[in-house]
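The block underneath contains the structure these notes are about, expressed in structure tokens.
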Protein chains: 6
Amino acid sequence: MQRPSGRKPEQLRPVRLTRNYTRHAEGSVLVEFGDTKVLCTASVADEVPRFLRGQGSGWITAEYGMLPRSTGSRMAREAARGKQGGRTVEIQRLIGRSLRAAVDLELLGENQITLDCDVIQADGGTRTAAITGACVALVDALRFMQREKMIATDPLQNLVAAVSVGIYEGEPVLDLDYPEDSRADTDMNLVMAADGGMIEVQGTAEGAPFTEKQFAQMLALGKSGIDELIELQRKALAK
Amino acid sequence: MQRPSGRKPEQLRPVRLTRNYTRHAEGSVLVEFGDTKVLCTASVADEVPRFLRGQGSGWITAEYGMLPRSTGSRMAREAARGKQGGRTVEIQRLIGRSLRAAVDLELLGENQITLDCDVIQADGGTRTAAITGACVALVDALRFMQREKMIATDPLQNLVAAVSVGIYEGEPVLDLDYPEDSRADTDMNLVMAADGGMIEVQGTAEGAPFTEKQFAQMLALGKSGIDELIELQRKALAK
Amino acid sequence: MQRPSGRKPEQLRPVRLTRNYTRHAEGSVLVEFGDTKVLCTASVADEVPRFLRGQGSGWITAEYGMLPRSTGSRMAREAARGKQGGRTVEIQRLIGRSLRAAVDLELLGENQITLDCDVIQADGGTRTAAITGACVALVDALRFMQREKMIATDPLQNLVAAVSVGIYEGEPVLDLDYPEDSRADTDMNLVMAADGGMIEVQGTAEGAPFTEKQFAQMLALGKSGIDELIELQRKALAK
Amino acid sequence: MQRPSGRKPEQLRPVRLTRNYTRHAEGSVLVEFGDTKVLCTASVADEVPRFLRGQGSGWITAEYGMLPRSTGSRMAREAARGKQGGRTVEIQRLIGRSLRAAVDLELLGENQITLDCDVIQADGGTRTAAITGACVALVDALRFMQREKMIATDPLQNLVAAVSVGIYEGEPVLDLDYPEDSRADTDMNLVMAADGGMIEVQGTAEGAPFTEKQFAQMLALGKSGIDELIELQRKALAK
Amino acid sequence: MQRPSGRKPEQLRPVRLTRNYTRHAEGSVLVEFGDTKVLCTASVADEVPRFLRGQGSGWITAEYGMLPRSTGSRMAREAARGKQGGRTVEIQRLIGRSLRAAVDLELLGENQITLDCDVIQADGGTRTAAITGACVALVDALRFMQREKMIATDPLQNLVAAVSVGIYEGEPVLDLDYPEDSRADTDMNLVMAADGGMIEVQGTAEGAPFTEKQFAQMLALGKSGIDELIELQRKALAK
Amino acid sequence: MQRPSGRKPEQLRPVRLTRNYTRHAEGSVLVEFGDTKVLCTASVADEVPRFLRGQGSGWITAEYGMLPRSTGSRMAREAARGKQGGRTVEIQRLIGRSLRAAVDLELLGENQITLDCDVIQADGGTRTAAITGACVALVDALRFMQREKMIATDPLQNLVAAVSVGIYEGEPVLDLDYPEDSRADTDMNLVMAADGGMIEVQGTAEGAPFTEKQFAQMLALGKSGIDELIELQRKALAK
């Protein structure tokens, strides 16, 4: 088995996390997994959605979008079509859930952080890149809130990162790019915390089902990828 | 640990699969997982969506809805609000993917089967009940197509069933009802084929992350539940 | 003239009213007019729409929907299409008006009852079945409100029922099923109260206009049908 | 009983039908029932909706709208709100059905006429004025089609007119204006053909139900009003 | 060069401003620029949009619509299509901006005036006719507010009028009608105040760009047209 | 008068045009006017909108969007709100018109180029930056079409650029940034071709009207800015 990119099965694409990519947001990170580029901004607001008001707890939510020509052929703009597609909704719910697991929402107080993840260029794995980059933007936003005395204690419990794993030509491979993703039988997205806690496991077989053994292999591969990504997040945040 | 229903951790709720529940659809099954009741209909059409035309392959898709008062407090009707919510979209995509894995789409020819899963009464686990019931409705639709000579060969590869597993008061339990679901830390939905192939694994921690050990326990519990459900599907289809 | 079902011109289909069909709603009735099956739930809320606030009066409203495969060929789901069609809007407005005539809205206090009428299986006459069933669900909701001390006095003024009449092959017939309805020249829907008061008369000729004599015959036939239906409502409510 | 306008119970408001009110449409009529003013245009198209294609039959449809300040207090513009309200939908369906009954759709050939009824100023009875005016615009459009040789034979079967009747302070009155309409217990809209054929009878009691005797009185009053209106249509068309 | 209408290059079409055209609105003006007829109503409300609340200042906004058959071929009704098109949005924003420049918003107090401009018949120049007519309706509404003691001082600063100018067959012409507009290379809309102040200049070349010299000629032509229009507004308001 | 940025009245912000900013689109340019950053992509399609089919002519259209946190406070995502706002619609129509003027649409053949202008970071002047950048992306797309033999002749007639001018503290200034824009009385957007032809002039006074003299000053200032921008486009395209 030869990966189209020549990578080894357990090899991530080159990952870059550029903080302060734009200047208005409380956190703004350009995350690159190879040719996949996602701009993740974190916006702080001092109020929570209606269902949480008066309960002393905060909220983290996410929105996801793709620029129309982030992809090989132009996609219709969701704002022009008048609604977000099913894939968009599914991904932004995943990002929101994943990042809420990173934070103690009670320590966040009655504040909300919105993570906007906009794909500038797509080459597979946009949702896992988005989670990984959004976590860094989130930390910058939490630091902003501490500097501004909006919160007294850091609500961050754990860094959170995500990676995809798949079965490509019968073998488990890490961090699929688009040529792999479009031909893989099975696709798993794994979201984990820095302490090894599992936050989201989504394994999907559109074609042939996968075996338990394959599942275990993918899980192991994914965990090693997460470890690398969290190390890269740490380095980016230390700058 | 005592489950609110008094069930043992590995015990399913009473499951019933009633075929021919309504008379117009090519497959029509009322599935009950305890107090959760979902009407699953399969509708056959002799054309496929545009992206598949002329390729000799079929398609299976699903739609999901909840009657406004299937739940404890009335939910706004999605038709009146003018759009389907994020949860609805996520669930109907899951049902569609799961059932496509049950079928050889090439043998289906250029035909489409739409699975409508409408929740009459909700008590937790509506998506897993929907998949389990929709599979039976799907088989009835495939039998109809064979009787009507729309297809020559049975495209069914495997029965498919789904069940939820969760960590409730620290212990893995099978097939969560609403009182358990609303208090569980972790929720996993497992979709598997009759031959043990895994189709979809979705483990989610909104609260505390889960450990690999818990994940393995949930997986084992889920597999035993799937085996029972597939046996029930077989019995229902043998009638 | 021979009716497709073999019924006599003045004969209703077998009518069944099953109370407590689902468990969450304050009133829940499955109404069957032959093969037409509609689930009617009544949901109580302790607030009224904005235009009534602070006026000491209550409100009754209705929503109507058809499951996609309640009909012979699958109908597009209104929630997926993003709006309710003209026929749906017209029917739910009729149901709401009809049931408001059953109740003294001032005695209802500042409470609202929403009647959801969802067609499980359609065979003609869904709107008249819905009104007849919703009235029973409404009474159950009013009894709930009295038990819960939300209201002191029963606001019910009259039971209300509805039936269709039409000119089929030149002759007036009662309670049209789908094969009759699709070929009838004229269709009249009649809503009346138990005391003989008329609430709504909707006679429509899409094809040839009808004469005054035919109109009088239809009215007489409809009244006899309403009497039977109200008797059936009484029996169901006495259980 | 004294009507606010001083009219006798059986007296119509001054009715005016101005043909060729605007210049682009194939038929364009301003209809005035007292202070109610509706612009009715008829637009001819040489194709029919999809469900009729290839069947050799034509179609008549209607759309209805109110200018935002046609009423005492400004109504939100439906185009800005992004959808037509329930009342609008109900009215435009009524207008369409009523005018289809005026015409032999087979003689119309595969052509469609759209009747746009836009309320310039409202003072009660906009739907009945709209039907009465749209019928005149329709005749002008049919004459246009004959001149242009789009059709060989006049498809008009009957002139059609509409009027409202109501119970105002206990007495039946013809052609309610807004002060009457807003206080009436019962409102009936009657659509009839020139030959006395009944096309649509819609009697509605929002408040107290009405008796059969009242219903018969309203019907008689309505018929005399229709006769007058059809005479006025004839005169307008003879000019 | 010969204009289709036989007008001289600097000649306006016959302009008529009919006040009190309908009876409900605080200002109601039918403006006619030749065959272009627009009904402009001004509606007064004693509250402002959220973004202005509590700031002591008022607001003027506009909405624009075309009746479906105001044009040569029928346009789809925006309310039925479920949204306002780009051209509509652009025009109503222009009308609103233009009229806000006519008024001292602080003197208006926390009140809002909505200008509805609905095109009854279109023959080019609907937006400039709308601004010119809406200004007269606005003055009537301001007079109403003074009579009703809603405001103490007249907030009107200047009458405002608008006119189109274009390059037709190489020559600048004033106030284009539809046959000219559809063939002109360049179209300029000019909005000016009675004191000569410029409010909006919109010159657009869809085809060949225009020169500075042409631009200057158009500006001069437009100014002379505005002077005439303001004189006509004055006369209409003096009646 | 001191500009907040310290620039001279006639001084542009530093302008950068980065070609091939993303890799999928046929043209992809990041344009920066100081802190305003807009990604402009040009997408080529070999078919035209319906209204142009079979006429041998091409089409250029544009869409515009702002990332939610491109601005100082987060803006709601238009895809999530379900429609594009009025400002968005107005801007994307302007961009489309401006670029159509750059090209001979007949030489383009039956092809369409879509220009997507997405604001990554906003600091005033996003629409003028978008036009200036989109023109460069357009040229790259035209070159692609020539290389791919989709067109034989270069349809470009002229480079097109745009700049804003305003009256800030009484003085005309070029290329307003956000602090200036939010306080300026008058805002003019000027779109011109390389040969000095004028394509679009939009001068707007929300506050006090402007004089003809100011208008002439702004025009002169704008022209000098356009000359500089076109020189920068040429240099970028020569690389």
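Here is the naming used below: chain letters follow the sequence lines, and residue numbers restart at 1 for every chain.
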Whether A/R69 and F/D118 form a salt bridge (side-chain N of Lys/Arg under 4.0 Å from carboxylate O of Asp/Glu) is what I want to check.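 No, this pair does not count.
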Under 4.5 Å from a heavy atom of chain F, the part of [X] involved:
{"X": "A/T88", "value": "neither"}
{"X": "A/A42", "value": "backbone"}
{"X": "A/Q121", "value": "side chain"}

Do you know which of A/D35, A/D123, A/T41 has the most heavy-atom pairs under 4.5 Å to chain F?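 Sorted descending by pairs with chain F, the first entry is A/D35.
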Between F/E78, F/K37, F/R74, which shows the greatest number of heavy-atom pairs under 4.5 Å with chain A?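 That would be F/R74.
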Using a cut-off of under 4.5 Å on heavy-atom pairs, state which of F/E63, F/R77, F/K83, F/Q84 scores highest against chain A.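 So the answer, after comparing F/E63, F/R77, F/K83, F/Q84, is F/R77.
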Flag yes if more than 12 heavy atoms outside [X] fall under 6.0 Å of its [atom1] atom; otherwise flag no.
{"X": "F/R93", "atom1": "CZ", "answer": "yes"}
{"X": "F/R16", "atom1": "CZ", "answer": "no"}
{"X": "F/Y178", "atom1": "OH", "answer": "no"}

Side-chain touch F/T22/A/I120, heavy atoms, less than 4.5 angstrom: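 Yes; the side chains approach each other to less than 4.5 Å.
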Could you tell me which portion of [X] (side chain, backbone, both or neither) has an atom closer than 4.5 angstrom to a non-hydrogen atom of chain A?
{"X": "F/S73", "result": "neither"}
{"X": "F/C40", "result": "neither"}
{"X": "F/T71", "result": "backbone"}
{"X": "F/R23", "result": "both"}
{"X": "F/A122", "result": "backbone"}

